[in-house]
Amino acid sequence: MFKKKFVLGLILALFLLAGCTTGNQDIQGFAKQLPEVQAFLNQHPGAEIKVLLMDANTVQQNIQFIEEKCGGTLPIQSYYQVTVEENNAKIYLWMTPDKQVQCISREVTEESTSTEDSNENTTAECRQNIDCEDNQNYTNDFCNNGICVHPRITECTNNDNYCPTQCSYSQDKDCTPECTSNASCEDVNPNTLDTCDLNTYICTHTLTRATAQPETESRIQDANTHQRQNQDDNSTQTTTVRTQSCENQNGYSCLNTQTCAGNWLTANNASYCCAVMCTNPTDSNTNSNSNNSNLYALSMSTPQASSITSTSATITWTTTGELDGKLKYSTNQSQVLSGPQIIGSCCSTHHSITIGGLNPGTQYYFAVYSTFPSGSPENVSAIYSFTTQALQSNIISNIQVTNITSNSAAITWKTNTETVGEIHYNYSSTWATTAPETVYSLDHTAQLTGLNSGTSHNYTIYTYTRDVNIRTEDTAVKSSQSTFTTLQPPPVISNATIILDGVRGIYASWQTNVAADATVHINSNQSQLGTGTDKVFYNPNQWQDRKIVLSGLTANTTYYYTLSSTNSNGTTTTQPATYTVPAAITISNVNVTFGTMSGIPVATFTWNSSVSGSTGVTFSNTDPNLGYSNGPTGIADSSTGTSHSITTGFNAGQMYYYKVFSISGSNFGESSISTFTMPN
């Protein structure tokens, strides 16, 4: 890094010693018009602007520095590097010699004199993407490690309020349609049929039968001469109209001397012209093209560049005859016809050729042409152009771990450009990798399975753009390493039962292999178990021996219930069962009186039962539900009879919850839960 920064510094120094050229002054003036630079100069009126023309070799030597500032890769080619700085506040920008801005990066350090930066006491220019909004519809604005980056938009994307130069309306609805009706395609050429394709909104100009014109020597063209008209990207192709007498051409004649719009063809060594009504003398139908196989009306639609990536593009066009298709291209407009040639399949009216191996962020010029039959003159289009997509920095964001269980988890994340990704994570003591994604996307999900329960797992996200052919650690854009912990396994329930007890009445009892809370859902309607109609008894304490008193049940009734325990990780085990409440014993005349015994405050509970049997009272000063494990105390009276009395000591001035119950064989009865307060 030191060596690279030294090289860049030396180049800058040599440049400054040499002084600014007229070209550099022009670049300075252009840079000052950029909104980002204008805003910086308003804040730093004493800022100095430096311009350096870096050739491709210099860019290669300093690419690490450039990419650190840009937050992504730039194609290796010549750039103007413009630096605007005052003290320790700087803006870097790189633009191509034709003033196409590729990257803008603002850098503000802690020592900057910016009042705003001093007040915030931070080295970061931004903390989130919205901080970098430059209000320019032709840039993507995002925050990269505290520095704003503004790469130019090159993708054809709907509804982003910008149309890149290489895009058409069919690719990007922000572009202006070439046409909206046939009338808008009129080219004032009587020899063409002008139509608007309402799927692509592109004009097509098809040559039709040429109108007879007075023949003059100046319009006679040799059959092998081609005249082409160069046009810009948005123009339609026209074909020069030639005139030649078609009479008595090697056994073929025309109804009259006609004009020939298009190319001259040669078939079976007999010359004849296209787009005119020539006929074989033996053909009785001299007025119909449909019955004359020797008639050709050649025309070519405007070629369209589509499926443009950073390294490839597909060119499509149509011809009115079944012809071969060829294409030549170059980065130099004047060298297109001498550039590389790609030959498509033969023969068809629809032609498609894909150009591969292109450089990212580069403008290419191309022309298409066809010949038919073999040896005839070439029908060549005008020269058109497209620009490959610039490489974008791949930023991973919004990483979340969801649906964590004891042995699985889902990881989701987003990227700012379409990528495929995979997760590298530690499984036991070794690392494993999820199956890589197969569809390039901005939103990603990976499912991790077979994990260890209750264990911390480290993971890193690896992503790859479309331009990466070999996926290795060096070609991946990776997230920082993070950690998540799987849940403990669900508790194991054992010894589950419902007990009719002479101390606490009816209670559910079970054990778990780990500390867990306890919940009982109970309902007399099995179909409604687990709904809002359940009676629910809950104890939040994390213990292994679980007991919960069940109150307010109806005698002679079968109940459906579930016993549930949840451990500290939130993992739950549920076990269903049924229980039938015994026949009813009616409890009546429940009363509490107060007194003292040996100086200790006591309360005496009295009540009657409809059947003779043992009895008990349950009470608590903390639990209004009289749950088993939350502090309630039970006192039994084994005496038989229908009149019952139990006396026990309590704390003076304390409020208590209580209920009384009686048991006789399989019969059971209890009072509702009530309260009393001991006198002081």
Within the side chain of Asn416, is there an N or O that forms a donor-acceptor pair under 3.5 Å with the backbone of Ile395?
-> yes
CG of Asn159 to CG of Asp174: how many Å apart, nearest 0.5 Å?
-> 6.0 Å
Could you check if a side-chain atom of Glu418 sits within less than 4.5 angstrom of a side-chain atom of Leu442, using non-hydrogen atoms only?
-> yes
Using the side chain to side chain donor-acceptor pair (under 3.5 Å) rule, pick out the option among Asp517, Thr573, Thr519, Thr574 that qualifies with Ser564.
-> Thr574
Pair Gln511-Arg546, side-chain contact (heavy atoms from CB on, under 4.5 Å): steps then yes or no = CA-CA 6 Å; Gln511 284 81 44; Arg546 317 306 301 145; over 6 Å; no
Under a 4.5 Å cut-off applied to non-hydrogen side-chain atoms, are Trp607 and Ser662 in contact?
-> yes
Just do the side chain to side chain donor-acceptor pair (under 3.5 Å) check on Gln528 and Thr533 with the steps written out, would you?
-> CA-CA 7 Å; Gln528 295 183 1; Thr533 63; 3.1 Å; yes
Non-hydrogen side-chain atoms of Ser610 and Ile585 separated by less than 4.5 Å = yes
Distance-only polar pair, side chains of Thr572 and Thr566, donor-acceptor under 3.5 Å | yes
Is there a side-chain contact between Val420 and Pro436 (heavy atoms, below 4.5 Å)?
-> no
Donor-acceptor pairs under 3.5 angstrom involving side-chain atoms of residues 586-603: please list them, not counting sequence neighbours.
{"residue": "Asn589", "atom": "ND2", "partner": "Asn608", "partner atom": "OD1", "Å": "2.7"}

Side chains of Thr415 and Thr417, donor plus acceptor under 3.5 Å | no
Donor-acceptor contact present, side-chain Gln544 to main-chain Thr512, <3.5 Å | yes
Just checking, any donor-acceptor pair under 3.5 angstrom between side chains of Thr419 and Thr465?
-> no
Within the distance-only criterion (no hydrogens, no angle test), does the side chain of Asn426 pair as donor or acceptor with the backbone N or O of Trp431 below 3.5 angstrom?
-> no
Has the side chain of Thr309 got a donor or acceptor atom that lies under 3.5 Å from a matching backbone atom of Ser312?
-> yes
Ile522 and side chain to side chain contact (heavy atoms under 4.5 Å, CB included): which partner among Leu529, Leu563, Leu553, Asp534?
-> Leu553
Kindly indicate whether the side chain of Gln575, heavy atoms from C-beta on, has any atom under 4.5 Å from the side chain of Trp510.
-> no
Under the 3.5 angstrom rule, does the side chain of Ser664 hit a backbone N or O of Ser612 as a donor-acceptor pair?
-> yes
Dump the intermediate steps for side chain to side chain donor-acceptor pair (under 3.5 Å) on Thr558 and Thr580, then the final yes or no.
-> CA-CA 4 Å; Thr558 297; Thr580 300; 2.8 Å; yes
N/O donor-acceptor pairs under 3.5 Å from side chains in residues 673-680, not counting sequence neighbours:
{"residue": "Asn680", "atom": "OD1", "partner": "Gly653", "partner atom": "N", "Å": "3.4"}

Partner residues of Asp443 under the side-chain contact (heavy atoms from CB on, under 4.5 Å) criterion, sequence neighbours left out = Lys414, Ser441
To the nearest 0.5 Å, tell me how far Cys167 SG sits from Ile308 CD1.
-> 6.5 Å
Between the side chains of Ser672 and Lys659, does any donor sit under 3.5 Å from an acceptor?
-> no
No-hydrogen, no-angle side-chain donor-acceptor test under 3.5 Å, Thr647 and Thr604 | yes
Does some side-chain heavy atom of Phe661 sit less than 4.5 Å from a side-chain heavy atom of Phe668?
-> yes
Glu67: salt bridge (Lys or Arg N to Asp or Glu O under 4.0 Å) partners, not counting sequence neighbours | none
Working for side-chain contact (heavy atoms from CB on, under 4.5 Å), residues Lys69 and Cys103 | CA-CA 9 Å; Lys69 297 302 181 185; Cys103 166; 5.7 Å; no
Is the side chain of Ser565 donor-acceptor paired with the backbone N or O of Ala516 at a distance under 3.5 Å, no angle test?
-> no
Hey, is the main chain of Asn452 close enough, under 3.5 Å, to the side chain of Thr486 for a donor-acceptor pair?
-> yes
For residues Thr460 and Ile423, determine if any side-chain heavy atom of one lies less than 4.5 Å from a side-chain heavy atom of the other.
-> no
Quick one: OG on Ser408 to CD on Gln447, what's the gap to the nearest 0.5 Å?
-> 5.5 Å
Under 6.0 Å between ring centres, would you say that holds for Phe537 and Tyr507?
-> no
Asn567 side, atom CG; Gln542 side, atom CD - distance, nearest 0.5 Å = 7.0 Å
Start with the C-alpha distance between Tyr658 and Phe605, add both sets of side-chain angles, then the distance that settles ring pair (Phe, Tyr, Trp, His ring centres under 6.0 Å), and finish with yes or no.
-> CA-CA 10 Å; Tyr658 78 98; Phe605 303 89; 5.3 Å; yes
Kindly determine whether Arg471 and Glu422 satisfy salt bridge (Lys or Arg N to Asp or Glu O under 4.0 Å), including the steps that lead there.
-> CA-CA 11 Å; Arg471 298 174 185 174; Glu422 59 195 22; 5.7 Å; no
Hey, mind stepping through Val581 and Tyr559 against side-chain contact (heavy atoms from CB on, under 4.5 Å) and telling me if it holds?
-> CA-CA 8 Å; Val581 179; Tyr559 285 91; 3.5 Å; yes
State whether the side chain of Asn158 and the backbone N or O of Lys173 hold a donor-acceptor pair below 3.5 Å, judged by distance alone.
-> yes
Between Tyr656 and Phe650, is the ring centre distance below 6.0 Å?
-> yes
Separation between CG (Leu448) and CD1 (Ile411), nearest 0.5 Å, reads 5.0 Å
Considering residues at least two apart in sequence or located in another chain, which fulfil the ring pair (Phe, Tyr, Trp, His ring centres under 6.0 Å) criterion with Phe484?
-> His457, Tyr459
Taking atom OG of Ser524 and atom OH of Tyr561, what is their separation to the nearest 0.5 Å?
-> 15.0 Å
Dump the intermediate steps for side chain to side chain donor-acceptor pair (under 3.5 Å) on Thr606 and His644, then the final yes or no.
-> CA-CA 5 Å; Thr606 59; His644 309 278; over 6 Å; no
Residue pairs passing the ring-ring contact (aromatic ring centres under 6.0 Å, His included) test where at least one lies in residues 397-426, sequence neighbours excluded | Trp413-His444, His424-Tyr462
Evaluation steps, side chain to side chain donor-acceptor pair (under 3.5 Å), between Asn523 and Asn525 = CA-CA 5 Å; Asn523 202 311; Asn525 187 330; 5.7 Å; no
Under 3.5 Å donor-acceptor, Ser479 side chain and Ile461 backbone | yes
Step by step, work out the side-chain contact (heavy atoms from CB on, under 4.5 Å) result for Val520 and Thr562.
-> CA-CA 6 Å; Val520 177; Thr562 57; over 6 Å; no
Determine, stepwise, if the pair Tyr440 / Tyr464 fulfils ring pair (Phe, Tyr, Trp, His ring centres under 6.0 Å).
-> CA-CA 9 Å; Tyr440 287 89; Tyr464 307 92; 9.6 Å; no
Determine yes or no for a side-chain-to-main-chain donor-acceptor pair under 3.5 angstrom, with Glu437 supplying the side chain and Gly421 the backbone.
-> yes
